[in-house]
Amino acid sequence: MTDIGASAHQRAWTPARGYTVFLVPPVLFLAMFFLWPLATVAYRGLFEPTFGLQHYQKILNSSAHVNVLLYTFEVATSVTIICLVISYPLAYVISRAKGSLLYFCFALVLVPFWTSVVIRTYAWIALFQRRGLLNDLLIEFGVIERPVRFMYNNLGVHIGMVQVLLPFMVLPLVSAMRGVDQTKLRAAEVLGANPIRVFWHVYLPLSMPGVSAGILLVFITAVGF
């Protein structure tokens, strides 16, 4: 009977069940500070003062609100594409690095997280303002005659957002690329595939989990901007 009770207790207390208790605090935190405010906003939008979709109709009937929403998704999409184009070759180079060089590359990617976004924004302002460093250098070397407006326009928004969101694309890509099975690449080469076909038919599909994760992270964060 003792053995039967002990085995029943072991079945009831498996590691998976034991670790689920650690999920309670973050679940409660998300429910209190994310799900509850979101549900409150949704409830008020539907039931105050009376049940209906009049609030949402008012927003969609306003050209100003619609233009803001469209511009938001347009910028988020373009920033995500730019981050992917820049990050993919960069992540490939990092994934091929080894030893101290790998740690150094990771440190360079993570450095922006050690600096406040506000400080980085002021740095871009000092660099791109009308009499900033970039305009002064371009005028000094005779590239331009008058200062170029880099800020408070679409160009400045893209530059700032890409710089902030780039690590969110690089890190998932590096993780996926380091997990690519190199034997499959060598097998494709042995079978006669040229480098372009190896990349397109073998390497790119194997790195797609990192691409998908990076796109999701960057796009959602960019929409939140």
Side-chain angles (χ1 to χ4, degrees), residues 16 19 23 26-27 30 34 66-117 120-121 123-124 127-128 134 150 153-225:
Y19 293 147
L23 295 176
V27 169
L30 290 175
F34 178 74
V66 173
N67 290 335
V68 168
L69 289 174
L70 292 177
Y71 180 70
T72 298
F73 284 98
E74 176 188 344
V75 171
T77 302
S78 57
V79 166
T80 303
I81 294 174
I82 295 172
C83 285
L84 179 61
V85 172
I86 296 175
S87 299
Y88 199 93
L90 178 61
Y92 176 79
V93 173
I94 296 176
S95 67
R96 304 290 291 181
K98 297 180 181 179
S100 58
L101 179 60
L102 175 63
Y103 297 127
F104 178 73
C105 293
F106 267 121
L108 292 180
V109 174
L110 295 175
V111 160
F113 290 114
W114 302 342
T115 308
S116 170
V117 176
R120 280 183 277 167
T121 303
W124 283 116
L127 183 65
F128 285 154
L134 182 59
F150 291 105
N153 53 23
N154 203 38
L155 176 61
V157 169
H158 277 75
I159 292 175
M161 291 180 66
V162 168
Q163 191 269 335
V164 172
L165 297 176
L166 207 58
F168 293 97
M169 183 70 75
V170 173
L171 294 177
L173 285 173
V174 172
S175 177
M177 290 177 178
R178 288 186 63 82
V180 171
D181 189 356
Q182 298 297 319
T183 58
K184 295 181 179 179
L185 303 180
R186 289 192 291 268
E189 295 174 354
V190 170
L191 292 174
N194 57 43
I196 296 178
R197 291 180 64 86
V198 171
F199 170 78
W200 190 256
H201 294 285
V202 182
Y203 192 85
L204 181 60
L206 292 176
S207 64
M208 280 307 295
V211 174
S212 303
I215 289 176
L216 189 62
L217 285 172
V218 172
F219 182 79
I220 292 176
T221 310
V223 170
F225 270 45

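Numbers for residues simply follow the sequence, beginning at 1. The figures here come from the full heavy-atom set of this structure, side chains too, leaving out hydrogens, waters and symmetry mates.
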I'd like a table of donor-acceptor pairs (distance under 3.5 Å, sequence neighbours excluded) in which one partner is a side-chain atom from residues 159-172, with atom names and distances.
{"unit_1": "Gln163", "atom_1": "OE1", "unit_2": "Trp124", "atom_2": "NE1", "d": "3.4"}

Side chains of residues 187-202: which donor-acceptor pairs under 3.5 Å do they make with residues two or more places apart or in other chains?
{"unit_1": "Asn194", "atom_1": "OD1", "unit_2": "Ile196", "atom_2": "N", "d": "3.2"}
{"unit_1": "Asn194", "atom_1": "OD1", "unit_2": "Arg197", "atom_2": "N", "d": "2.7"}

*Results of side-chain contact (heavy atoms from CB on, under 4.5 Å) for Val223 - residues two or more places apart only*: Thr72, Phe73, Ala76, Phe219
*Residue list, side-chain contact (heavy atoms from CB on, under 4.5 Å) with Thr121, at least two apart or on another chain*: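 Per chain and number, Thr121 pairs via side-chain contact (heavy atoms from CB on, under 4.5 Å) with Val117, Ile125.
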Check residues 94-113 and write down every donor-acceptor pair under 3.5 Å in which the side-chain atom is one partner and the other belongs to a residue at least two apart or another chain.
{"unit_1": "Ser95", "atom_1": "OG", "unit_2": "Ala91", "atom_2": "O", "d": "3.2"}
{"unit_1": "Ser95", "atom_1": "OG", "unit_2": "Tyr92", "atom_2": "O", "d": "2.7"}
{"unit_1": "Arg96", "atom_1": "NH1", "unit_2": "Gln182", "atom_2": "OE1", "d": "3.2"}

*May I ask you to decide if Leu84's main-chain N or O and Ser87's side chain share a donor-acceptor pair within less than 3.5 Å?*
no
Quiz: residues 206-218 side-chain donor-acceptor pairs under 3.5 angstrom, not counting sequence neighbours:
{"unit_1": "Ser207", "atom_1": "OG", "unit_2": "Tyr88", "atom_2": "OH", "d": "2.7"}
{"unit_1": "Ser207", "atom_1": "OG", "unit_2": "Tyr203", "atom_2": "O", "d": "3.2"}
{"unit_1": "Ser207", "atom_1": "OG", "unit_2": "Leu204", "atom_2": "O", "d": "3.0"}
{"unit_1": "Ser212", "atom_1": "OG", "unit_2": "Met208", "atom_2": "O", "d": "3.0"}

